[in-house]
Amino acid sequence: MNNQELADFLLPKIDKDLTYYETKYPKRPLPETAIVTRYAPSPTGHLHMGAIFACFIEQKMAHQTGGVFFLRIEDTDKKREVENGITNIIQDLNEFNLVIDEGVENETTEKGVYGPYVQSQRQEIYQTFAKYLVANDLAYPCFCSAEDLARDHEIQISSKERQGYYGKWARCRNIPIETAVQRIKNGEKFVLRLKSPGKYERKIRFKDLIKGEIEFPENDIDIVLIKSDGLPLYHLAHLVDDYLMRTTHVIRGEEWLSSVPLHLQLFQVFGFKPPKYAHIPGLSKEEDGNKRKLSKRRDPEAAISYYHQKGIPPEAVLLYLATIANSNFEDWYEKELKEKGCARLENFQLDFKKIGVSAVLFDLAKLTNIVKNYIGRLSAEEVYQKALTYAEKYNSAFAKLLSQDADYSLKVLGIERGGVKPRKDISCFSEVQASIWYMFDELFYAQPLDYQFQTIKEQEEINRLVNTYLEKYFNIDDDKNTWFEKIKQLAAEFGYAREVKEYKANPSNYKGHVGDVSMVLRVITTTQSTTPDLFELLKLLGKTKLQERFAWWQKKLSQHRVSQ
RNA sequence: GGCUCCUUCGUCUAGCGGUCUAGGACAGCGGCCUCUCACGCCGUAAACACGGGUUCGAUUCCCGUAGGAGUCACCA
C-alpha cells in the first residue's frame, strides 16, 4: 500500500482536492495595499480587554487600507464551548463598534463568500488538506495514548531533554503503512500528525511586522493535525482558513509568536505563500512588583462587563487602546481637536512599526483621564442620552427621574458644559447620580440631615443671611455678574469682606468673606460644600425651591434638637 | 529547564553615535486663577537594569550578567 492508498483508507469520504477549494475561494479582488485581517476567537465566553485590543488593531488596519475585516469562529474544541458563545462575542464587538465586514453575524447566519466561517462546519475542508499531506508522505496516523505522551513528557523533563513529539520520541512516525492500517482495522483510535521536514539545528528567519526580525530553530515537532474526533487543531485550521479566506495579515496576540516556525512550515509544506504576521503585545497587570498577563478571571477590569457596569463609554476605551497601540495617537488627537474642532479615530493612521514590542500595563488611571476628557467634550444632549441609557439598565429609579423632565435634566447636565474649559468631572456614568442628586427634590428630601457648613455655622447667622438674600437680592433673571455683585453686597451688609483678598489682607476687619457667604447658600441649596457653579444651580432651581429647602433645613434642625 | 522576545521617570513612551544638564502624557506634589469643586495655567520631583567592549564620543552598536514576559497539549 502506498501513501495515496493510505490517504484513501484513512479519509475515504474525502473526494475533493486542494484545487477545488482554491478555485472556489479565489484571490480577493483588492488592491495590493489592502489588508485582509480576521478576528478568530473561540466561543468560550465573553471577550476580554486583550481581545478588544487585538480586534481594534485588526479592524483598524483593514479599514484604513480599504481591506476586509472578518470574523471567524474557532470552535474545534467542543469541550470548552459555552452556550451562546457566538452571541456573547458579537455583542461585545458591537458594544465597541468593532463592526465586521464579513463572517459570522450571529449563531446562525454569516455573510461573505469565503465561508463557512465557523470551523466546525469546515471539517471536510480540513480533512481534504490533511489527506493531501498523507498522500504526499507528510502526515501519518499516530496511536499514542494520552498516557504514552504524558510518560514521554515526564522522561523528557527529568532527563532535561527538549519536550515534544519529535525524533526518537515520534514513535508512530515510522510505523509501516500495513501495520497502521491493521491497527485501525482493529478499532484503534488515532490522530493525524505532521511528518515535520524540519531540522532543529537549522534556523529560520522571518520578519514580524511588530517585533521585527526574529530567528528560530526550525520546527521538528510532529504536531497533531487532526484530532481523533476528526476536527483539526488550531495550526492546521489556521493554515487552511487563512489561506482559503485569503487573509493577508495575521494579527494576533504575542502568545502565538513561538508557533510561527510551525505555521511557516505548514505553508511551506503546501507550497503556499504565507501571510504576514504581526504579534501584538499583551495587556498586563502589576502584582507584587511583577507584571503578569491581564486575566479575565482575576482582574475585573479585564472583563467587558466591568466597563458596562460602571458606565465607561466604549468609545473612550477605544481611545485609550489607540494610545497604547501607537503612542503618537494622543498628540495627533489633541492636534486634530485644536485644528479641526473634532478628532475621529477613523482618520488616524495606525502604524505597525509604532506598536510596542513588550507587554503593556493596563493603566486604569490613564483610562480615567481619557474618559473624563471624552465625556467633558460631549454635549449636554449626548451626556443625557448616555446617562439615561446607563440608568435604564442599572438604576431605573434614577432613569425615571432623568426622563420625567428631560428638559430640566438636560439643563442640569449642561452646567459648565461646552465652551473651551468644560467640566471634566464625570469619569463614568454610574457616577452621574452622585454628582447631581441634589438637583432633584425626590432625592434631595430623601437624604439624611447632613449639611456640610464651613466657616459660618451658627443657625442665627445663617437664617439672617439666607432670609436677607431671599428678600432683598434674589432675582432669577440676573446674569452671573449681577448675581455675584449682589452676593458681595449681601456679604458687605453683614460684615463680610466683598473680596477674599481684602479679607486676607485684614482678617480682623471682617467676620469672613464673600466666599463664606456663598458657601452658606451653597450648603442650604445642596447640602454640599463642593458643587458646580452656584449661580447656575440657583438659576435652575429657582427661588421657590431655595425657600422650600431652607424651610426644610430649619424644620429638620429643630426636630433634631428636640430629639436630642 | 529548552526556545524566543523584552529592559529609558511609578505608568505609557520619545530617542534610532555627538542635538540628552534625556522630551511628552497620565498619576504625585507645590503654586496661580477662583464664591467651593472641577477646568485652565505655571512649576516641581522622577528614568537610560548591571558589567564589559567598539568608538574621539555611547541611552543609542556588540557581548555577557541579572531581571521580566511568552511558549513548549488530541486548548485556542
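A note on names: the letters A, B, ... follow the listed sequences, proteins ahead of strands, and every chain is numbered from 1. Keep in mind that this is a model prediction, so the values were computed, not measured.
Put simply, A/K227 has a side-chain N or O that comes within less than 4.0 Å of OP1 or OP2 on B/rA76. OP1 or OP2 of B/rC35 has not a single side-chain nitrogen or oxygen of A/K488 nearer than 4.0 Å. Look at A/K372 and you won't find any side-chain N or O under 4.0 angstrom from OP1 or OP2 of B/rC39. In terms of phosphate contacts, A/K501 brings a side-chain nitrogen or oxygen within less than 4.0 Å of OP1 or OP2 of B/rC33. Look at A/R193 and you'll find a side-chain N or O under 4.0 angstrom from OP1 or OP2 of B/rC74.
If you take atom P in B/rG57 and the same atom in B/rA73, they sit 49 Å apart, rounded to whole Å.
Considering only the side chain of A/K293, B/rG70 comes nearest among B/rC35, B/rU13, B/rG70. For A/K480, whose side chain is taken as the heavy atoms from C-beta onward, the closest listed nucleotide among B/rC26, B/rC35, B/rC75 is B/rC35. Side-chain proximity of A/E255 to B/rG70, B/rC12, B/rU4: nearest is B/rG70. Set against B/rC39, B/rC75, B/rG2, the side chain of A/P422 has B/rC39 as its closest nucleotide.
The base of B/rC3 lies outside donor-acceptor range of the side chain of A/R162, with no N or O pair under 3.5 Å. With hydrogens and angles ignored, a donor-acceptor pair under 3.5 angstrom links the side chain of A/D533 to the base of B/rC35. Contact of A/S228 with B/rC74 (side chain to base): a donor-acceptor pair of N or O atoms is detected under 3.5 Å.
Across all strands shown, B/rC29 pairs with B/rG43; the Watson-Crick or G-U wobble distances both stay below 3.5 Å. Under the Watson-Crick or G-U wobble criterion, with both distances below 3.5 Å, B/rU65 is paired with B/rA49.
Using a 4.0 Å heavy-atom criterion, one finds that A/E215 contacts the sugar-phosphate atoms exclusively. Residue A/E330 is in sugar-phosphate contact alone, with no base atom involved, counting any heavy-atom pair closer than 4.0 Å across all strands shown. Residue A/S327 is in sugar-phosphate contact alone, with no base atom involved, counting any heavy-atom pair closer than 4.0 Å across all strands shown. Using a 4.0 Å heavy-atom cutoff across all strands shown, A/T76 reaches sugar-phosphate atoms only and no base atom.
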